[in-house]
Student: 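Shown below is the structure under consideration.
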Amino acid sequence: FTGRLLDKTHHGKTISMQFSLHIENREKMHKHPVLSALELPHNFKYPLSYVEFFTLPQQELDIDPWWFLCLHHQAMQDWYVELKRQYPNRSLIPFAKLSYNDDVACFDGHDTSGNPKVHYVHACASEGWEDKGHVADFTAWLNLAKQESLEYKTEFDTSSDIETNH
């Protein structure tokens, strides 16, 4: 699978760098972590931190209550199409979703820097009311998602202990 990652200027010429994902023995990876270059907004580039997250074998993919869309058959493509339909004036590249509501984490498709902001979008909200904020980039989002996952799992474990003790 090949997609755009970044453009570099070298001796006055802009060179579009390509990346190729070859994923072996990643039983957790059911889908490629990116949409095809044909589907993406012109000049959008996935951040290197995102691509590396899925290509390095030691990465923990369980960040419940968030889940990565690429781990579920067709979910990334389906949410991409749905968000384009709901919010035609925005360029959103979804990559993760909360399990308990309609919040979706999306890259800013208008950002061509190679390190786009991550927007929190409440899908199914009226246009103009969907924006729930943003963070600087994928790394910032991932750090927050991991912290939220830890708190969520701790809360779930605590509430399970309370229920079993009664």
Student: Taking only residues two or more places apart in sequence, or in another chain, which ones meet D103 in a salt bridge (charged side-chain N to carboxylate O under 4.0 Å, His left out)?
Tutor: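 Here the qualifying residues are K132.
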
Student: Drop me the distance from K45's NZ to F107's CZ, to the nearest 0.5 angstrom.
Tutor: 13.5 Å

Student: Can you tell me if E130 uses its side chain to pair, donor with acceptor, with the backbone of A123 under 3.5 Å?
Tutor: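 Checked: no pair found.
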
Student: Look only at the side chain of K97 and the backbone of F95, and say whether a donor-acceptor pair between them is shorter than 3.5 Å.
Tutor: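 No.
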
Student: Short question: side chain of D62, backbone of D64 - any donor-acceptor pair under 3.5 Å?
Tutor: yes

Student: Indicate yes or no for a side-chain donor-acceptor contact from E155 to the backbone of Y152 under 3.5 Å, with no hydrogens or angles considered.
Tutor: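 Side chain of E155 to backbone of Y152, a donor-acceptor pair under 3.5 Å: no, none is there.
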
Student: Could you go step by step and tell me if F54 and F68 meet the ring pair (Phe, Tyr, Trp, His ring centres under 6.0 Å) rule?
Tutor: CA-CA 10 Å; F54 288 101; F68 289 104; 5.0 Å; yes

Student: Can you check whether L150's main-chain N or O pairs, donor with acceptor, with T154's side chain at less than 3.5 Å?
Tutor: yes

Student: Y80 and side-chain contact (heavy atoms from CB on, under 4.5 Å): which partner among M76, K84, E82?
Tutor: K84

Student: Nearest 0.5 Å, what's the CG-CG distance between N143 and D137?
Tutor: 9.0 Å

Student: Answer yes or no: is there a donor N or O on one side and an acceptor on the other, between the side chain of S99 and the main chain of P65, under 3.5 Å?
Tutor: yes

Student: How about W129 and H122: are their ring centroids closer than 6.0 Å?
Tutor: no

Student: Kindly say whether N115 contributes a backbone atom to a donor-acceptor pair with the side chain of Y50 at under 3.5 angstrom?
Tutor: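 A pair under 3.5 Å: no.
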
Student: Any donor-acceptor pair under 3.5 Å linking the side-chain atoms of S36 with those of E39?
Tutor: yes

Student: Are any non-hydrogen side-chain atoms of I63 and K146 less than 4.5 angstrom apart?
Tutor: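 Heavy-atom side-chain distance check passes, below 4.5 Å.
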
